[in-house]
Amino acid sequence: MKADSANLICLACYQDRLASVCENADGYKLFEIRDKKFYPAGLLSLPSKDPMDRTSAILACGVTVFLCGAICNQTRERLEEGGVTVLPWLTGSQDKILNGFLNNSLDELVMPGA
């Protein structure tokens, strides 16, 4: 997916890295993409550990792209049904993931075995 002015992307993070498992993320960080640059757009408050509560929060804030590590099928399907493009099985630091997204080089950041 190409970055453009209409993207609000969400990273399922554990500290400053993408969480290995989406459902174990300690924060969902939001970034707006404008003019081939990313800008922090906030931290999504995680309502609970329940994946459906988290999915509802992502859908409610207008995320268009969700970048994550491993993700359960039910969570992925619900996000995609809500119009969110899910790019799973990624690994790396927040900066590497954002730069990979901007440069269309996320294939270099795919988890081993995915």
Side-chain angles (χ1 to χ4, degrees):
M1 166 154 241
K2 288 186 104 174
D4 64 27
S5 60
N7 283 330
L8 179 63
I9 65 172
C10 180
L11 276 63
C13 291
Y14 182 79
Q15 298 177 2
D16 66 343
R17 301 184 55 78
L18 224 53
S20 297
V21 177
C22 169
E23 289 78 9
N24 291 337
D26 65 1
Y28 287 172
K29 297 180 181 180
L30 302 174
F31 295 88
E32 185 177 330
I33 303 293
R34 285 182 278 129
D35 303 320
K36 300 223 177 218
K37 295 180 185 173
F38 56 86
Y39 299 90
L43 181 64
L44 184 60
S45 177
L46 300 178
S48 73
K49 288 283 191 182
D50 184 313
M52 292 302 105
D53 287 346
R54 289 177 172 215
T55 302
S56 295
I58 292 166
L59 293 173
C61 71
V63 167
T64 55
V65 180
F66 186 70
L67 302 166
C68 59
I71 185 170
C72 75
N73 286 335
Q74 184 179 17
T75 301
R76 182 177 182 171
E77 288 169 3
R78 185 155 183 230
L79 288 171
E80 289 174 341
E81 287 170 1
V84 176
T85 300
V86 178
L87 302 175
W89 303 108
L90 300 172
T91 186
S93 69
Q94 172 183 299
D95 288 339
K96 282 186 180 182
I97 296 295
L98 290 169
N99 286 318
F101 180 79
L102 287 175
N103 297 314
N104 295 316
S105 61
L106 286 174
D107 55 334
E108 298 171 8
L109 300 170
V110 173
M111 292 177 145

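Keep in mind it's a predicted model, so treat the numbers as computed, not measured.
Environment of CD in Gln74: sparse, with no more than 12 heavy atoms of neighbouring residues, nucleotides or ligands closer than 6.0 Å.
Asp35 places no side-chain N or O within 3.5 Å of a backbone atom of Lys37 that could act as its donor or acceptor partner.
Between Tyr39 and Arg34 there is a side-chain heavy-atom pair separated by less than 4.5 Å. Side-chain contact check for Leu30 versus Pro40: every heavy-atom pair is 4.5 Å or farther apart. Side-chain atoms of Val84 and Thr64, non-hydrogen and from C-beta on, never get closer than 4.5 Å to each other.
Scanning both residues, Leu79 and Val86, for their nearest heavy atoms gives CB-CG2, 3.8 Å. The minimum heavy-atom distance linking Ala41 with Leu8 is given by the pair CB-CD1, 3.9 Å.
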Query - Leu43 and Tyr28: CA distance, side-chain angles, deciding distance, side-chain contact (heavy atoms from CB on, under 4.5 Å) verdict - result: CA-CA 6 Å; Leu43 181 64; Tyr28 287 172; 5.6 Å; no
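For Arg78, there are no salt bridge (charged side-chain N to carboxylate O under 4.0 Å, His left out) partners two or more places apart in sequence or in a different chain. Taking Lys96 as the reference, nothing meets the side-chain hydrogen bond (donor to acceptor under 3.5 Å, both in side chains) condition, with sequence neighbours excluded.
For the atom pair Arg76 CZ and Phe66 CZ, the distance stands at 11.5 Å (nearest 0.5 Å). To the nearest 0.5 Å, the span separating CG on Leu90 from CG on Leu106 amounts to 5.5 Å. Atom-to-atom distance recorded for Phe101:CZ and Leu87:CG is 7.0 Å, nearest 0.5 angstrom. In this structure, the separation between OG1 on Thr55 and CD1 on Ile71 is 7.0 Å, given to the nearest 0.5 Å. For the atom pair OG1 (Thr85) and CD1 (Ile9), the distance works out to 11.5 Å, reported to the nearest 0.5 Å. To the nearest 0.5 Å, atom CZ of residue Phe31 and atom CG of residue Leu102 are 10.5 Å apart.
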For a quick test of your reading: what N or O donor-acceptor pairs under 3.5 Å do the side chains of residues 10-27 make, sequence neighbours left out?
unit_1	atom_1	unit_2	atom_2	d
Glu23	OE2	Cys72	N	3.2
Glu23	OE2	Thr75	OG1	3.3
Asp26	OD1	Gln15	N	3.2
Asp26	OD2	Gln15	N	3.4

